[in-house]
Amino acid sequence: SVQTPLSTLSRQRPDSLEAFWMPFTANRQFKAAPRLLVRAEGMYYHDVDDRPILDGAAGLWCCNAGHARPRIVQAIQEQAAQLDFAPPFQMGTPLPFVLAQRLAALAPASLNHVFFTNSGSEAVDSAMKIALGYHRLRGEGQRTRFIGREKAYHGVGFGGLSIGGLPNNRKAFGPLLAGSDFLRHTLDLSRNAFSPGLPRHGAELAEDLERLIALHDASTIAAVFVEPIAGSAGVILPAPGYLQRLREICDQHGILLVFDEVITGFGRVGNAFAAQRFGVTPDLLTMAKGLTNGAVPMGAVLVSDAIHSAYMQGPPGAIELFHGYTYSAHPLACAAALAALDTYAAEGLFDRAIELGEYWQTRLHSLRGLPNVIDIRNFGLIGAIELAARKDAPGSRGYEVFERCFRDGQLLVRCTGDVIALSPPLIIDTDQIDRIVDVLGEMIRATG
Ligand SMILES: Cc1ncc(COP(=O)(O)O)c(CNc2cccc(C(=O)O)c2)c1O
């Protein structure tokens, strides 16, 4: 039978929604009233009815340069036609070497080596394994414990779940990795509600790490994983000095510090990485999303010279790390990533979160006083409006505002529980910031 062309299939409602099991979605509710996006350009999606939808979420925190950016589109087209796939084990292609150099040049000084993966979850699991192997190589193989944080999100691999702090993501999946322990999260509405930018209070929460070291002994601890800003849990920010203190304590005890920058990387808070914005350098840094502007799946781990050189020992013919994925350093992903970095550089997008940060902050905080708004948080071009939960239906108010924004406001935002999270593409202008705030205000009022 003559197949319907892709250009048709990709623009119309599918015949059946049954077979696709959608990720992190209320499948039955969605399939009863589907929201289908069929094309995107710049700051806008277009849904299946060709309605323009302002993208207040950069897709899913990942399209930092906006959509259908010419350099990236062209790079993917050319690469697909030239070299679709090549084996990355014991064989090479030029692009990942070029890309790794570019990333090392963008990264904090000591992070000069890049391990490629296909997602943030794989980057986290890879970083965990690299950390364990590092200690083993140095004769401290008993350091097998990871320290995560309450409300943390490190993806959905068994490794990342084991150091994540979101109960819904964990409770159905058994014991996970043994031994993980957790810092308290740093969200504190009683002391920090409506703080513009970083919260004033909470740096002392870094001392939790000393308590965990006193309990477990440093000799059992491999690494501490934190998101400089916890996005998925509803945008939780560090008080000034908190990250610096974690760095100090890790240094005192030979514990690796890992920044999970899947969300904060590539200009989201200004600079290439939050590590630079906050002036704290981790030993490992995980990334994904903005790495390719969301155009092709890719993740990566930035690795310090010290960790990398600990592996580069032993017989010269030996495989130093028995870990990797079929699509590690995939040609299409590398092409997209190089074009994304070119786009970020050509348009100065790593400065935008700082240039627009004040305006963003002022406009967001103008929503204070609306019904059920109990906190507003912001840093760089990240924002969060926390709504009071309905006593009998936590999360329902947030979902309703999200749904109204899309259906009535033609605005895409993220809702995580009763928090409306915002992370627009860095190409946003002040009129579009106004539009986001105006639509949000209208829909929050309408939701009650
Ligand atoms: C800090 C962090 N670490 C790891 C991951 C996992 O990445 P992958 O999804 O590529 O495996 C993430 C992903 N972050 C993420 C993914 C999906 C939804 C949301 C949300 O906030 O609604 C956030 C993340 O934010």
Side-chain angles (χ1 to χ4, degrees), residues 22-26 55-64 116-128 146 148-166 168-170 185 187 223-238 243 258-266 268-269 273-275 282 284-302 325 327-328 330 333 336-337 377 379-386 395 398-399 401-402 405-406 412-424:
M22 299 175 72
F24 269 119
T25 298
D55 183 3
L60 203 47
W61 312 84
C62 50
C63 306
N64 291 10
F116 287 110
T117 70
N118 306 290
S119 66
S121 298
E122 288 184 359
V124 167
D125 282 17
S126 300
M128 293 173 76
F146 291 102
R149 187 166 60 188
E150 294 170 347
K151 293 184 182 287
Y153 185 77
H154 296 295
V156 293
F158 277 91
L161 280 182
S162 303
I163 53 175
L166 297 170
N168 281 342
N169 294 358
R170 296 166 56 99
H185 67 74
L187 182 63
V224 175
F225 273 69
V226 290
E227 303 151 275
I229 293 173
S232 307
V235 184
I236 302 177
L237 301 165
L243 294 171
V258 187
F259 278 2
D260 188 346
E261 294 221 29
V262 168
I263 278 184
T264 54
F266 301 100
R268 180 55 53 196
V269 296
F273 299 102
L284 294 165
L285 189 156
T286 52
M287 64 178 84
K289 293 187 189 278
L291 171 54
T292 60
N293 196 46
V296 177
M298 189 181 221
V301 185
L302 268 169
Y325 305 93
Y327 301 130
S328 284
H330 191 285
R377 300 186 286 274
F379 192 74
L381 278 175
I382 296 176
I385 315 290
E386 180 150 358
Y399 180 77
V401 170
F402 155 77
C405 282
F406 181 81
L412 179 69
V413 297
R414 275 301 288 161
C415 80
T416 169
D418 286 302
V419 177
I420 301 296
L422 298 162
S423 59

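This chain uses plain numbering: 1 for the first residue, then up along the sequence. Note that the structure is predicted; figures quoted are calculated from it, not measured. Just follow the structure's listing: the first ligand is 1, and inside any ligand the first atom is 1. Excluded from the calculations below are hydrogen atoms, water molecules and symmetry mates; all remaining heavy atoms, backbone and side chain alike, are included.
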Answer yes or no: is there a side-chain heavy-atom contact under 4.5 Å between Ile263 and Glu227?
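Not touching, per the 4.5 Å side-chain cut-off.
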Close side-chain approach of Asn64 and Arg268, heavy atoms under 4.5 Å
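When only atoms from C-beta onward are counted, Arg268 and Asn64 do touch, with a gap below 4.5 Å.
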Working to the nearest 0.5 angstrom, can you tell me the gap between Ile382 CD1 and Leu422 CG?
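So the gap between those two atoms works out to 10.5 Å.
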Could you state the interatomic distance from CG (Leu161) to NE2 (His154), rounded to the nearest 0.5 Å?
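NE2 of His154 is found 10.5 Å from CG of Leu161.
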Atom pairs, nitrogen or oxygen, ligand 1 to protein, under 3.5 angstrom:
residue  : atom   : partner : partner atom : Å
ligand 1 : 3 (N)  : Asp260  : OD1          : 3.3
ligand 1 : 3 (N)  : Asp260  : OD2          : 2.7
ligand 1 : 7 (O)  : Gly120  : N            : 3.4
ligand 1 : 7 (O)  : Ser121  : N            : 3.4
ligand 1 : 10 (O) : Gly120  : N            : 2.9
ligand 1 : 11 (O) : Ser121  : N            : 2.8
ligand 1 : 11 (O) : Ser121  : OG           : 2.6
ligand 1 : 14 (N) : Lys289  : NZ           : 3.4
ligand 1 : 21 (O) : Trp61   : NE1          : 2.8
ligand 1 : 21 (O) : Ser232  : OG           : 3.4
ligand 1 : 22 (O) : Arg414  : NE           : 2.6
ligand 1 : 22 (O) : Arg414  : NH2          : 2.3

For Tyr327, is the OH atom crowded, meaning more than 12 foreign heavy atoms sit under 6.0 Å from it?
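Open.
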Report the C-alpha separation of Tyr325 and Phe116 in whole Å, then their side-chain angles, then the decisive distance to 0.1 Å, and conclude whether the ring pair (Phe, Tyr, Trp, His ring centres under 6.0 Å) test is met.
CA-CA 9 Å; Tyr325 305 93; Phe116 287 110; over 10 Å; no
